[in-house]
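Have a look at the structure below, then the notes.
This one's a predicted model, so the numbers in the text were calculated from it and none came from an experiment. Counting begins at 1 with the first residue of the sequence.
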Amino acid sequence: MSALILALVAGAVVGLALGALGGGGSVLAVPALIYLLGFSPASATTAALVIVTATSATALSVHARDGNVAWRTGALFAAAGIAPAFLAGAAAGRLPPAVLTGAFSLVAALAAVRMLHPASSGPPVRVRPAKAVGAGAGLGTVTGFLGVGGGFLAVPALVGVLGLRMKQAVGTSLLVITVNSLAALTARTGTGGDLRWEVVAPFAGAAILGAWDGKRLASKITGPTLQRVFAFVLLGVAALMLVDVFV
């Protein structure tokens, strides 16, 4: 199968997951780029940032139109992650491939656990600035190192730390992810290896289109069922990557 077809199929799957689940789908982008399209771990995480930025910015515009973005809160949260995302992005290209692959497998496993035990909307909580800054910085670091949007981390943080309702947290997380991804991409300019734009561009385009279909899929299948299926897929991906590191 040609690289173009693989990129289109993989992008569509990532987009479907993003559209249906509202976060976590981008975790599939890095293993798809490595194992299906032959990218190195460093190049894959950089390419994933391109894909995450494009899909997040597109989805952000939709959520903003529906009034589900807390702009001021999201801007403050994102600001805390800009410097960590930039520094982590600059460092990631210099790490051994095994370290990046191993770290990514652990994050994929964490994403699966988050999906099996999702955050729920509760009563408004007292916002603690120090915790908010810490959560924003942590998310920026993960985004910079591993090229994932981190929606599976951002949404629980926005709900539990900043007290946003679930729909607003999902929309606001897209603002945070877009800003952090751009910061990490800026840091990786010239250090991300061969991005192979003939593969990355159709991958990103298919992901954006797939996200729209994902919304329709979510209306036909219950959210918990989708999350459980995707969580087990992520656990399988995490196990595969760990085996690749140690075998």
Side-chain angles (χ1 to χ4, degrees), residues 1-21 23-62 85-86 88-95 97 99-101 103-105 107-108 111 140 142-152 174-214 233-234 237 240-241 244:
M1 191 179 295
S2 72
L4 175 60
I5 295 175
L6 285 173
L8 291 172
V9 172
V13 171
V14 169
L16 280 171
L18 281 168
L21 302 173
S26 61
V27 178
L28 283 180
V30 170
L33 289 164
I34 293 174
Y35 296 111
L36 293 180
L37 296 165
F39 280 62
S40 69
S43 295
T45 52
T46 302
L49 283 171
V50 176
I51 296 162
V52 167
T53 301
T55 53
S56 296
T58 302
L60 173 62
S61 66
V62 176
F86 186 91
R94 298 174 175 81
L95 292 176
V99 172
L100 279 177
T101 304
F104 190 91
S105 67
V107 169
V142 171
T143 300
F145 265 126
L146 302 178
V148 297
F152 60 93
L174 291 167
L175 171 62
V176 177
I177 291 165
T178 301
V179 172
N180 286 345
S181 298
L182 283 173
L185 269 177
T186 301
R188 291 192 184 205
T189 301
T191 64
D194 180 14
L195 286 187
R196 292 164 54 193
W197 287 103
E198 72 278 7
V199 172
V200 175
F203 194 121
I208 291 171
L209 294 175
W212 293 99
D213 290 329
V233 171
L234 279 181
V237 169
L240 172 65
M241 297 183 83
D244 188 43

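Between Leu33 and Ile51 there is a side-chain heavy-atom pair separated by less than 4.5 Å. Contact of the Phe39 side chain with the Thr46 side chain is not registered, since no non-hydrogen atoms from C-beta on lie closer than 4.5 Å. Phe86 places a side-chain heavy atom less than 4.5 Å from the side chain of Thr186. Residues Thr143 and Leu49 form a side-chain contact, since some pair of their non-hydrogen atoms from C-beta on lies under 4.5 Å apart.
Ser61 contributes a side-chain N or O that, together with a main-chain N or O of Thr58, makes up a donor-acceptor pair within less than 3.5 Å. Remark: the backbone N or O of Thr53 is not paired with any side-chain donor or acceptor of Ser56 at under 3.5 angstrom.
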> Would Phe203 and Leu37 satisfy side chain to side chain contact (heavy atoms under 4.5 Å, CB included), going step by step from the backbone distance to the final call?
Replying inline: CA-CA 11 Å; Phe203 194 121; Leu37 296 165; 3.9 Å; yes
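The two residues Ala90 and Ala187 have their closest heavy-atom pair at N-CB, 3.6 Å. Closest heavy-atom contact between Asn180 and Ala85: O-CB, 3.6 Å. Listed here is the closest heavy atom pair of Ser40 and Ile34: O-CG1, 4.4 Å. Heavy atoms only, all atoms of each residue included: Ala7 and Val199 are closest at CB-O, 3.6 Å. Scanning both residues, Thr101 and Pro41, for their nearest heavy atoms gives OG1-CG, 3.6 Å. Considering all non-hydrogen atoms of both residues, Ser105 and Met241 come closest at CB-CB, 3.8 Å.
Distance check: Ile177 CD1 to Leu182 CG gives 12.0 Å after rounding to the nearest 0.5 Å.
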